[in-house]
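Right, one structure below, let's go through it.
Since the structure is predicted, the reported quantities are computational estimates derived from the model, not experimental observations.
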Amino acid sequence: MGGSCAQRRLAGLRQVLFPLLLPLFYPALCEPIRYSIPEELAKGSVVGNLAKDLGLSVLDVSARKLRVSAEKLHFSIDAESGDLLVKERIDREQICKERRRCELQLEAVMENPLNIFHIIVMIEDVNDHAPQFDKKEIHLEIFESASAGARISLDPATDPDININSIKDYKINPNPYFSLMVRVNSDGGKYPELSLEKPLDREEQRSHSLILTALDGGDPPRSATAHIEISVKDANDNPPVFSKDEYRISLSENLPPGSPVLQVTATDQDEGVNAEINYYFRSTAQSTRHMFSLDEKTGMIKNNQSFDFEDVERYTMEVEAKDGGGLSTQCKVIIEILDENDNSPEIVITSLSDQILENSPPGMVVALFKTRDLDFGGNGEVRCNIETDIPFKIYSSSNNYYKLVTDGTLDREQTPEYNVTIVATDRGKPPLSSSRTITLYVTDVNDNAPVFDLASYLVHVAENNPPGVSIAQVRASDPDLGLNGHISYSIVASDLEPSALSSYVSVGAQSGVVFAQRAFDHEQLRAFELMLQACDHGSPALNANVSLRVLVGDRNDNAPRVLYPALDPDGSAFFDMVPRAAEPGYLVTKVVAVDADSGHNAWLSYHVLQASEPGLFSLGLRTGEVRTTRALGDRDAARQRLLVAVRDGGQPPLSATATLHVVFADSLQEVLPDITDRPEPSDPQAELQFYLVVALALISVLFLLAVILAIALRLRRSFSPAACSFFQLGLCVKSGPVVPPNYNEGTLPYSYNLCVAHTGKTEFNFLKCSEQLSSGQDMLCGDTSGALFPLCNSSELTSHQQAPPNTDWRFSQAQRPGTSGSQNGDDTGTWPNNQFDTEMLQAMILASASEAADGSSTLGGGAGTMGLSARYGPQFTLQHVPDYRQNVYIPGSNATLTNAAGKRDGKAPAGGNGNKKKSGKKEKK
């Protein structure tokens, strides 16, 4: 068996380092591993311990996947022992044909790392073939004239075996006339010849029978026999003679079939039939006889088939020339075939990994292949190359072996597969080439994060949406495959409260659809922002975030709300007092309303739905200001009613209504009957009944007044001294809400104590009481008799002069209410300067002190007096009033409220005038 070069060169290295260092140094330091085995070994026979010769342990055989590679596998490796075993029958004669040196070349392939070792197995011949004669019966003719010593060539036996197993000797049975001689040619071939020992006598014996035996050199030797029948004929004493004993010629393997190759010639000095020469093949293999044809008459040799240098490099044959007398001679013909570049290189893939991860580093081995060219010399030298625009390259690892490795970055998303074409070209003239294409698939790794279609999303959602409706959809893409490209969506952040986030929105994990979990309210939540995340299912997972801003659009779902005028807590309606001499364009009041919606839905407009006198007042479409359009006529009623509608700009529009009561009067006394009664408009039938009842009541009252007046005059004349004592019996008592409610129009707050006599006359007197009363109480002095009471601590009525209002309360132009925040007109209105520290706001019927003293003047009727208001009741305080200062308008004037702080001491305010009803506070006694 052949020895291992690895053992000879690396015997000093440790066994554990040998498998690692061997692939690096083995190709440069060692020769092929050689084994020698006899042919015809049984299957499973051990050729040698390849693992041991390679320096591998038994575990390394399976771990490194040791295997052999060859065109035709005659051998295999035992994975348990590492032995090289015979896999199938090995017949040297079939494999190597006539070559004397029979070698099988194969490669041992190991992985982790990948390497190849060359192995040469020498096939030794065994004596498995016996000699064989072409003819079992040989017929010879010999002339009796043949002299002693004449030789007759016999057809030799053939034996496929070589060396000592080939034919070694010939024998014949003992005979007095013939002996056997063996001639050895220059190539070692042995040819039997019969030698005539003594002259023949045809008359004694006409024929001779001999047994020719051929023996080979095997142990034990094998043999073959042929029966020779010799006929004695008349004399022909000159055999043919060839011009050459050996003919040599070289032919191109491209010579077409039927071409003349060589002509042999022989001559015979005899005459006649004995000089006629015929040519025959002798001692020639059957394959050669099939390849060539020989003309018996001319000796011309032609090829019957095309030559192939790769199959047979040389043909050897013997040609016999035989004359008509039976004498013959032989010559040797050697035909050498010249190689031509007629074989293209072949590419044999020995190892291939067609699945490559896209993150594979450069230099990773993808495939291992070898080239093969059956031509000889330069015609068989092969070089390989591949395309230059792909991330792969090849380099030679050993003799005719190449590695295909990565040479760049792979990206499956750009190129999912590569068709690598390997081109092999020989060095012949002209050169021949062949190619082979292998397909390499790039396997995906999770190297791409999801990407959203948009950098950010903006969604508009109208309020009052149904819960569960889809409001948006986000989309992300991932070019990876499988789980690496499967995307899930989630909400990772929001400007909403984390605990309330799930009650507002949710997102579909697979679809990316965002759902509203509740109905949105524009008035509560106008916008919010979400941070959505798209995450793939790779390992590790990659993700991307995108912001989604949701704008809640407004719908017209809130009707306007009227802030002014408003109803009293007891449900009574407000009214505004206008001087009878008011000119056209006089500002009566202003309707103030708000709308919780926004934008166009909150754009308010004011419309008159119903008016007692349609042409008397005008209403600002956007401002809500009520102004007179003409002067009050004689036929116009003193009390007017306007029904105002406030509409927003939504579709469909929503509205609210407000009722305005306007009284044309120059003093409060003119208004008091209306204040007391305050009838509500009704249908015509009810009004007719009401008027009848009123007429009847007036007649009765007039009658009673006349009676009472007559009685009073009589009593006054008769008991004048007692009148004072009668009035002195009156007590100051608390009164109920018999006066109109407070009406705040922006004047300074004042408190008054008012005594009202229950008589037919409407008179007001200011009373001073001895007991202290709280500021939240109204003081009225009166009795059931209907007469006016004197003051409790004095017999004289004391008159109190009204103080002028403070002028520091006015609004600036930008602070005035209305749709634009401004109001036309001059800044002449007044507003109390101490409204912020007032605990109780009561509206009282006010009268000037001088007018109360003489009892002749009516309250609010002249200059220096303050108008009366029926807007607020006596128990109305600031805690009942919302802070709508920015929308409060002062009827009867051109001014609106400002935030200027007034004086908080008890000084009298500056003088001012006004024509509207005033609100006031009680003075503490």
Side-chain angles (χ1 to χ4, degrees), residues 1-8 19 22 26 30-111 114-130 159-166 216-222 310-311 346 348-351 368 370 372 374 398-401:
M1 302 295 177
S4 171
C5 177
Q7 292 177 332
R8 297 195 302 270
L22 180 60
Y26 184 78
C30 69
E31 296 294 331
I33 300 175
R34 295 181 179 273
Y35 295 98
S36 179
I37 61 170
E39 63 173 330
E40 299 296 340
L41 278 180
K43 293 183 180 179
S45 298
V46 178
V47 177
N49 193 322
L50 182 59
K52 181 179 179 181
D53 294 338
L54 292 177
L56 301 177
S57 63
V58 176
L59 297 178
D60 292 335
V61 173
S62 57
R64 299 191 64 186
K65 298 180 181 180
L66 180 61
R67 62 185 185 276
V68 293
S69 173
E71 296 179 22
K72 185 173 182 182
L73 288 178
H74 297 281
F75 305 92
S76 63
I77 294 179
D78 189 355
E80 297 180 357
S81 62
D83 292 333
L84 183 63
L85 305 178
V86 176
K87 185 178 180 181
E88 61 183 16
R89 176 176 175 267
I90 299 176
D91 188 354
R92 190 200 68 80
E93 289 74 18
Q94 182 180 0
I95 295 174
C96 298
K97 301 185 185 308
E98 297 179 1
R99 294 200 300 270
R100 291 189 174 274
R101 186 179 181 86
C102 184
E103 294 179 349
L104 291 181
Q105 295 186 359
L106 57 149
E107 294 78 32
V109 181
M110 290 191 302
E111 297 182 359
L114 182 65
N115 215 323
I116 295 175
F117 302 90
H118 297 279
I119 301 172
I120 297 177
V121 180
M122 179 74 70
I123 309 300
E124 297 177 354
D125 183 53
V126 297
N127 192 21
D128 57 342
H129 294 85
D159 192 341
D161 297 329
I162 62 172
N163 298 333
I164 62 173
N165 295 323
S166 63
D216 60 18
D219 186 17
R222 294 175 179 265
E310 290 71 32
D311 288 342
E346 297 181 37
V348 180
I349 304 296
T350 58
S351 180
L368 182 66
K370 68 177 181 179
R372 180 181 59 189
L374 299 179
S398 61
N399 188 23
N400 292 333
Y401 271 86

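Inter-residue side-chain proximity for Leu104 and Phe75 is flagged as met; some heavy-atom pair is nearer than 4.5 Å. Within the 4.5 Å cutoff, side-chain heavy atoms of Asp91 are placed close to those of Glu39. Side-chain contact between Asp83 and Ile77: absent, with no pair of heavy atoms (C-beta onward) separated by less than 4.5 Å. Within the 4.5 Å cutoff, the side chain of Leu374 has no heavy atoms near those of the Asp311 side chain. Between Met122 and Arg101 there is a side-chain heavy-atom pair separated by less than 4.5 Å. The closest side-chain heavy-atom distance from Lys65 to Met110 is not below 4.5 Å. With contacts defined as side-chain heavy-atom distances shorter than 4.5 Å, the pair Arg89/Gln94 qualifies. Side chains of Phe117 and Leu50 form no contact here, defined as non-hydrogen atoms less than 4.5 Å apart.
Across every non-hydrogen atom of Leu73 and Val68, the tightest pair is CD2-O, 3.8 Å. A pairwise comparison of heavy atoms in Ala70 and Gln105 identifies CB-O, 4.2 Å as the closest pair. Nearest heavy atom pair, residue Ile95 against residue Cys102, reads CG2-SG, 4.4 Å. The two residues Leu59 and Ser62 make their nearest non-hydrogen contact at O-OG, 3.3 Å. Taking both residues in full, the closest heavy atoms of Val126 and Glu40 are given as CG2-CG, 4.4 Å, listed atom of the first, atom of the second, then distance. Smallest separation of non-hydrogen atoms from Val61 and Ala79: CG1-O, 3.7 Å.
Remark: side-chain polar atoms of Arg64 are paired, donor with acceptor, to backbone N or O of Glu111 under 3.5 angstrom. In this structure a side-chain-to-backbone donor-acceptor pair under 3.5 Å is missing from Ser166 to Asp159. Without hydrogens or angle criteria, Asp216 side chain to Pro221 main chain gives no donor-acceptor distance under 3.5 Å.
By the 4.0 Å N-to-carboxylate-O rule, Glu107 lies close enough to Lys370 to be salt-bridged with it. Between Lys43 and Glu88 there is no salt bridge, since no side-chain N of the basic residue sits under 4.0 Å from a carboxylate O of the acidic one.
Between the CD1 atom of Ile90 and the OG atom of Ser45 there is a distance of 8.5 Å, given to the nearest 0.5 Å. Remark: His74 NE2 to Leu41 CG distance equals 13.0 Å, nearest 0.5 Å. Between Glu103 atom CD and Ile119 atom CD1 the span is 13.5 Å, to the nearest 0.5 Å. A distance of 8.5 Å separates CG of Leu106 from OG of Ser69, quoted to the nearest 0.5 Å.
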From CA spacing to verdict: side-chain contact (heavy atoms from CB on, under 4.5 Å), Val109, Leu66
CA-CA 6 Å; Val109 181; Leu66 180 61; over 6 Å; no
Between Val47 and Leu85, does a side-chain contact (heavy atoms from CB on, under 4.5 Å) hold up when you go through it step by step?
CA-CA 6 Å; Val47 177; Leu85 305 178; over 6 Å; no
Under the side-chain contact (heavy atoms from CB on, under 4.5 Å) criterion, do Ile37 and Ile123 qualify, and how do the steps go?
CA-CA 5 Å; Ile37 61 170; Ile123 309 300; 3.9 Å; yes
Pair Ser57, Lys52 - check side-chain contact (heavy atoms from CB on, under 4.5 Å), show working.
CA-CA 7 Å; Ser57 63; Lys52 181 179 179 181; over 6 Å; no
